[in-house]
Amino acid sequence: GIIACMVDGKQRTSTAFLVGAFDIGVSVAHTFSKGADGAEPNDCVYNSLDSQGQIRERIPVSYVKSQWDEAGSAGQTAKDLAVVRLSEPSRYAQRTMPLGRFSGDSASVVMVGYKSDIDADSIKRKARGTVYERRKDGTVVSSNAGFTHDMDSRDIAPGAPVIDETTGVIIGIHTQPDASHNTMITMNDWLEATIRSEMQARRETQATEARAN
């Protein structure tokens, strides 16, 4: 789906996908960064879209946990990560997405996402290509630079999942490209721990509600 927020009177969007539960989403952190005047993003909504580009749900975002915020790491590409809690579970989504660790080996991948301006065009897009390995002395180099991919991302908003075509598992997230190449960031310890924490919080809430009933 698409996350859309208002910042400085303008709409800011990113692709997002559900992981582990129908009210837990993963996207990029820069969508939720402050505006030029220091204003916080507001009216953030998760939009579910069908194959024709019609919006089927608009679910308000309850809160966002951003690694940029928690680590003070704004500007470090590999930490452009956010976990989004929706105010209610998506009823339109049929399944959550499997998210795994990236081995660092070159992989054939497909990226799925939406255009930044969904008011003009809300049709889902796909792009295929390769994520390239980055090694030094036989060891995968994992730095703030992320991993380079060659997919055509011109019409796909950051936050799009990058899926290994062999396994069907999400191995990374497309983020803002720099001047020379497209960039994929990958799941790190912070993202894994945050998703697990949100899933545990959800189970505890469900248990409390069950006891109350």
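Small disclaimer: the values here were computed from a predicted structure and weren't measured.
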Can you tell me how far the OG atom of Ser48 sits from the CG atom of Leu86, to the nearest 0.5 Å? 8.5 Å
Hey, are Arg101 and Asp189 close enough for a salt bridge, meaning a charged N less than 4.0 Å from a carboxylate O? yes
In Å, rounded to the nearest 0.5 Å, how long is the span from CZ of Phe22 to CD of Gln94? 9.0 Å
If you define the side chain from C-beta out and look only at heavy atoms, does anything of Ile173 sit under 4.5 Å from Val26? yes
Any side-chain heavy atom of Arg85 within less than 4.5 Å of one from Ile24? yes
Pair Val28, Leu81 - check side chain to side chain contact (heavy atoms under 4.5 Å, CB included), show working. CA-CA 5 Å; Val28 284; Leu81 296 165; over 6 Å; no
Closest non-hydrogen contact found for Ser116 with Ala157 is OG-CB, 3.6 Å
Between Asp152 and Arg154, does any side-chain N to carboxylate O distance fall below 4.0 Å? yes
Take Phe147 and Phe102, measure what ring-ring contact (aromatic ring centres under 6.0 Å, His included) needs, and give me the verdict at the end. CA-CA 10 Å; Phe147 290 83; Phe102 179 46; 4.9 Å; yes
Begin from the C-alpha positions of Lys126 and Met111 and carry the test side chain to side chain contact (heavy atoms under 4.5 Å, CB included) through to its verdict. CA-CA 6 Å; Lys126 291 185 179 181; Met111 178 168 59; over 6 Å; no
Rounded to the nearest 0.5 angstrom, the OG1-NZ distance for Thr175 and Lys79 is 14.0 Å
Does Val109 belong to the same Ile/Leu/Val/Met/Phe/Trp/Tyr cluster as Ile156, with side-chain heavy atoms less than 4.5 Å apart forming each link? yes
With distance as the sole criterion, is a donor-acceptor pair present between the side chains of Ser14 and Ser27 under 3.5 Å? yes
Output for pair (Ser90 OG, Asp23 CG), nearest 0.5 Å, gives 9.5 Å
Closest approach of Lys65 and Ser197, non-hydrogen atoms and distance? NZ-OG, 4.2 Å
If we ignore hydrogens and angles and just use 3.5 Å, is the side chain of Ser87 paired with the main-chain N or O of Pro60 as donor and acceptor? yes
Under 3.5 Å, side chain of Thr15 to main-chain N/O of Gly159, donor-acceptor pair present? no
pair Thr96-Val19: side-chain heavy atoms closer than 4.5 Å: no
Check whether any side-chain heavy atom of Lys124 lies under 4.5 Å from a side-chain heavy atom of Ser51, and answer yes or no. no
Can you check side chain to side chain contact (heavy atoms under 4.5 Å, CB included) on Met184 and His174, steps first, answer last? CA-CA 5 Å; Met184 180 191 84; His174 170 64; 6.0 Å; no
Do Ile2 and Val7 belong to the same hydrophobic cluster, where Ile, Leu, Val, Met, Phe, Trp and Tyr are linked whenever their side-chain heavy atoms lie under 4.5 Å apart, directly or via other members? no
Give, for atom CG of Asp155 and atom NZ of Lys115, the distance between the pair rounded to the nearest 0.5 Å. 5.0 Å
Do Asn42 side-chain atoms and Cys5 backbone N/O form a donor-acceptor pair below 3.5 Å? no
Less than 4.0 Å between a side-chain N and a carboxylate O, is that true for Arg202 and Glu198? no
Would you indicate whether the side-chain heavy atoms of Asp164 and Val131 approach each other to under 4.5 Å? no
Between Phe17 and Val112, is any pair of side-chain heavy atoms under 4.5 Å apart? no
What is the minimum heavy-atom distance between Thr31 and Thr13, and which atoms define it? OG1-O, 4.2 Å
Between Phe32 and Pro41, the two heavy atoms sitting closest are O-CG, 3.3 Å
Could you state the interatomic distance from CZ (Arg91) to CD (Glu57), rounded to the nearest 0.5 Å? 8.5 Å
Would you say that Asn47 contacts Tyr114 through its side chain, given a criterion of any heavy-atom pair below 4.5 Å between the two side chains? no
Between Val83 and Ile195, does the side chain to side chain contact (heavy atoms under 4.5 Å, CB included) criterion hold? Intermediate values first, please. CA-CA 7 Å; Val83 175; Ile195 292 172; 4.1 Å; yes
Checking side-chain polar atoms at under 3.5 Å, does Gln67 have a donor or acceptor matched by the opposite partner on Asn188? yes
Side-chain H-bond candidate by donor/acceptor type, Arg12 with Ser33, under 3.5 Å: yes
In short, Val169 meets Leu99 closest at the heavy-atom pair CG1-C, 4.1 Å
Count the heavy atoms of every other residue, nucleotide or ligand shown that sit under 6.0 Å from CZ of Arg203, and state whether that count exceeds 12. yes
How about Gln52: does its CD atom have over 12 heavy atoms from other parts shown lying under 6.0 Å from it? no
Do Tyr63 and Val84 have side chains that get closer than 4.5 Å, going by heavy atoms? no
Grab the two heavy atoms, one from Trp190 and one from Ser66, that are nearest each other, plus how far apart they are. CZ2-C, 3.6 Å
Taking atom types as modelled and ignoring hydrogens, do the side chains of Tyr132 and Asp150 form a donor-acceptor contact shorter than 3.5 angstrom? yes
If hydrophobic clusters are built by linking Ile, Leu, Val, Met, Phe, Trp and Tyr wherever their side-chain heavy atoms come under 4.5 Å apart, do Val61 and Val45 end up in the same one? no
Applying the 4.5 Å side-chain criterion to the ILVMFWY set and letting contacts propagate, would Ile170 and Met199 be lumped into a single cluster? yes
